[in-house]
There are 2 protein chains.
Amino acid sequence: MKSYGQYCAIARGLDVVGDRWTVLIVRELLTGPRRYGDLQEGLPGIASNLLADRLRHLEQHGVIDRDSRGRYELTEWGQGLAEPVYALARWASPLMAEPAGDDQFRSTWLAPVVANRFGGVDPSRPDTTIEIHTGDSPMTIVSSQGRVHVRPGRADRPDLTISGPPEGVLGLLAGRLDKAAASERGVVIHGDIRRLNRLRGRSRRRPAS
Amino acid sequence: MKSYGQYCAIARGLDVVGDRWTVLIVRELLTGPRRYGDLQEGLPGIASNLLADRLRHLEQHGVIDRDSRGRYELTEWGQGLAEPVYALARWASPLMAEPAGDDQFRSTWLAPVVANRFGGVDPSRPDTTIEIHTGDSPMTIVSSQGRVHVRPGRADRPDLTISGPPEGVLGLLAGRLDKAAASERGVVIHGDIRRLNRLRGRSRRRPAS
DNA sequence: CTGCATCCGGGCCGATACTG
DNA sequence: CAGTATCGGCCCGGATGCAG
């Protein structure tokens with residue numbers, strides 16, 4: 001895309017990540033290195049040439065590079081996109097109340113939801129393992145040493161298991177739905193749901209603006 | 001632009017503000033209501049039909065509306081874009097070290113710089129008035145009741161006056177350049193520069209991540 | 001004068017086919 | 001598996017026109 005030609009950090013940032021699909025590529029890479037094929041899988045609808053173009057562009061501008069196995073990964077600077085991208089997700093979260101309809105869904109997209117609700121480090125946060133079944137493959141939310149993250153695959157012996165359609169499961173994880181409302185939307189819970197909300201530490205309140 | 005068709009807050013947010021020029025329109029409106037012509041002035045290079053298209057799109061999606069005088073303004077939800085947009089500016093700020101060159105500049109673009117460096121409320125912050133001369137028109141930074149904001153126009157009796165080319169002035173305001181480095185780039189300072197850095201309150205450190 | 005709509009050339013996007 | 005090549009169509013960009 002053509003540069004905006006403006007001496008402004010926002011415009012110059014958009015010159016780097018403002019192209020169509022680019023932020024979604026970053027979303028995929030925020031949860032770790034990915035191969036070309038992984039990216040195609042996580043970006044339903046993207047054209048192959050566009051993916052190649054975007055990756056080249058991001059690499060040229062120092063947002064991504066290749067790891068020893070040839071996978072794409074964010075540079076240190078690129079990792080910094082977590083803040084604006086997750087802030088966008090927070091702003092847009094009301095839009096998720098609208099049902100998925102024909103929209104695609106991938107389990108890895110749980111990551112921004114979890115990052116926004118359980119982000120940061122809180123030593124008082126209890127260790128917990130939660131298995132999630134929604135979308136194309138199972139995921140596991142792990143709370144360990146005050147930090148919460150999401151990884152693909154099933155858990156060994158989860159404290160809690162949540163299954164159901166994306167609207168219900170994401171609504172529950174985002175805190176937009178309570179247990180009853182999620183159940184109405186087909187979510188099935190095994191274990192004590194309070195395990196989930198206990199992951200929200202005390203230091204999660206945002207500073208006054 | 002076509003919807004991404006993904007059940008993900010980031011993708012749905014981009015469906016609303018992901019089009020070319022859209023975020024820059026929001027940047028303009030983050031500092032208050034604007035008329036159509038004001039927006040054209042603050043968005044050098046935008047085509048008239050695109051501006052009209054984007055404004056319609058943003059209004060349809062509840063990001064902006066019209067005030068009593070017919071000006072465009074952000075809705076309450078639209079105001080929430082301050083966080084992701086300013087976070088993007090923070091991420092992209094290293095790109096501002098590259099000189100402006102042929103890039104356009106407008107004085108109102110001081111706003112994101114000031115918001116990122118002096119944002120938030122801090123009761124211990126001293127009251128100060130700083131007049132800035134760079135770009136097309138003078139601007140005034142006002143610290144009052146713990147809050148810092150930027151407005152167009154000159155000050156009555158400023159405590160400090162900063163003049164010079166955008167690279168130098170923005171570098172100084174962003175904290176990327178000190179007084180000496182800014183002077184080398186043609187910045188002229190009248191008054192005590194320490195007035196500026198004193199605007200950074202103690203509560204500005206970001207929480208550990 | 002402000003706030004758009006129209007028109008059109010060029011470039012980017014999207015889908016598929018193809019290659020090392 | 002990891003991209004490259006190709007091509008139709010749509011969107012962007014710049015100029016111009018026009019209605020209130």
Side-chain angles (χ1 to χ4, degrees), chain A residues 1-6 10-11 14-29 32-61 63-73 102-104 106 152, chain B residues 1-6 11 14-29 32-61 63-74 102-104 106 108:
Chain A
M1 191 187 288
K2 217 178 86 177
S3 163
Y4 286 109
Q6 299 187 358
I10 299 167
L14 292 172
D15 285 343
V16 176
V17 298
D19 281 320
R20 186 160 165 79
W21 289 108
T22 302
V23 171
L24 296 184
I25 292 172
V26 170
R27 172 194 68 192
E28 296 299 308
L29 294 175
R34 294 290 150 87
R35 290 175 306 172
Y36 192 89
D38 298 332
L39 290 171
Q40 279 187 313
E41 175 59 26
L43 297 164
I46 195 172
S48 180
N49 60 339
L50 284 190
L51 178 54
D53 282 351
R54 297 298 180 265
L55 290 170
R56 238 191 318 272
H57 184 253
L58 288 172
E59 191 166 4
Q60 279 171 2
H61 286 81
V63 178
I64 65 173
D65 58 10
R66 318 289 290 262
D67 72 1
S68 54
R69 298 203 278 163
R71 297 177 304 177
Y72 296 93
E73 63 179 358
D102 289 339
D103 284 2
Q104 299 267 358
R106 298 292 131 92
Chain B
M1 191 186 287
K2 216 178 86 178
S3 163
Y4 286 108
Q6 298 186 359
L14 290 172
D15 285 343
V16 176
V17 299
D19 281 319
R20 186 159 167 79
W21 291 107
T22 303
V23 171
L24 296 185
I25 293 171
V26 170
R27 172 193 69 191
E28 296 299 307
L29 294 175
R34 293 292 149 87
R35 289 176 307 170
Y36 191 88
D38 298 333
L39 291 171
Q40 277 188 313
E41 175 59 27
L43 296 165
I46 195 173
S48 179
N49 58 341
L50 285 190
L51 178 54
D53 282 351
R54 297 297 181 267
L55 290 171
R56 239 191 318 272
H57 184 252
L58 288 173
E59 191 167 3
Q60 278 171 1
H61 286 81
V63 178
I64 66 174
D65 57 12
R66 319 290 289 263
D67 72 0
S68 53
R69 298 203 280 163
R71 298 177 305 178
Y72 296 93
E73 63 179 0
L74 292 170
D102 289 338
D103 284 2
Q104 299 268 356
R106 296 293 131 93
T108 60

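Atom set for the values below is all heavy atoms of this structure, side chains included, hydrogens, waters and symmetry mates excluded.
Residues B:Leu39 and B:Leu29 are in side-chain contact: their nearest non-hydrogen atoms beyond the backbone lie under 4.5 Å apart. Between B:Ile64 and B:Glu73 there is no side-chain heavy-atom pair separated by less than 4.5 Å. Residues A:Val17 and A:Leu58 meet the side-chain proximity criterion, which asks for heavy atoms closer than 4.5 Å.
B:Asp15 places a side-chain N or O within donor-acceptor distance of the main-chain N or O of B:Tyr4, the cut-off being under 3.5 Å. Put simply, the side chain of A:His57 never gets that close to the backbone of A:Asp53: no donor and acceptor are under 3.5 Å apart. No donor-acceptor pair under 3.5 Å is formed between the side chain of A:Asp19 and the backbone N or O of A:Thr22.
DNA chain D lies under 4.0 Å from at least one heavy atom of each of the following residues of residues 14-27 of chain B: B:Arg20, B:Trp21. Within residues 38-55 of chain B, the residues having any heavy atom under 4.0 Å from DNA chain C are, by residue number, B:Ser48, B:Asn49, B:Ala52.
Donor-acceptor pairing under 3.5 Å is recorded for the side chains of A:Arg27 and B:Gln6. For the residue pair A:Arg35/A:Tyr72, the side-chain donor-acceptor check at 3.5 Å is not satisfied.
Within 4.0 Å of A:Arg66, counting heavy atoms only, lie sugar-phosphate atoms of the nucleic acid but no base atom. At the heavy-atom level, A:Arg56 lies under 4.0 Å from the strands shown only through sugar-phosphate atoms.
First and last contacting nucleotides of DNA chain D toward chain A (any atom under 4.0 angstrom from a heavy atom, 5' to 3' order): D:dA2 to D:dG14.
The distance between atom CZ of B:Arg35 and atom P of C:dC4, rounded to the nearest whole Å, is 12 Å.
We find the CZ-CD1 distance between A:Arg20 and A:Ile25 to be 11.5 Å, quoted to the nearest 0.5 Å.
B:Glu41 and B:Arg106 are joined by a salt bridge, as a carboxylate oxygen and a charged side-chain nitrogen come within less than 4.0 angstrom of each other.
Contact check, B:Tyr72 against C:dC4: a side-chain N or O comes under 4.0 Å of OP1 or OP2.
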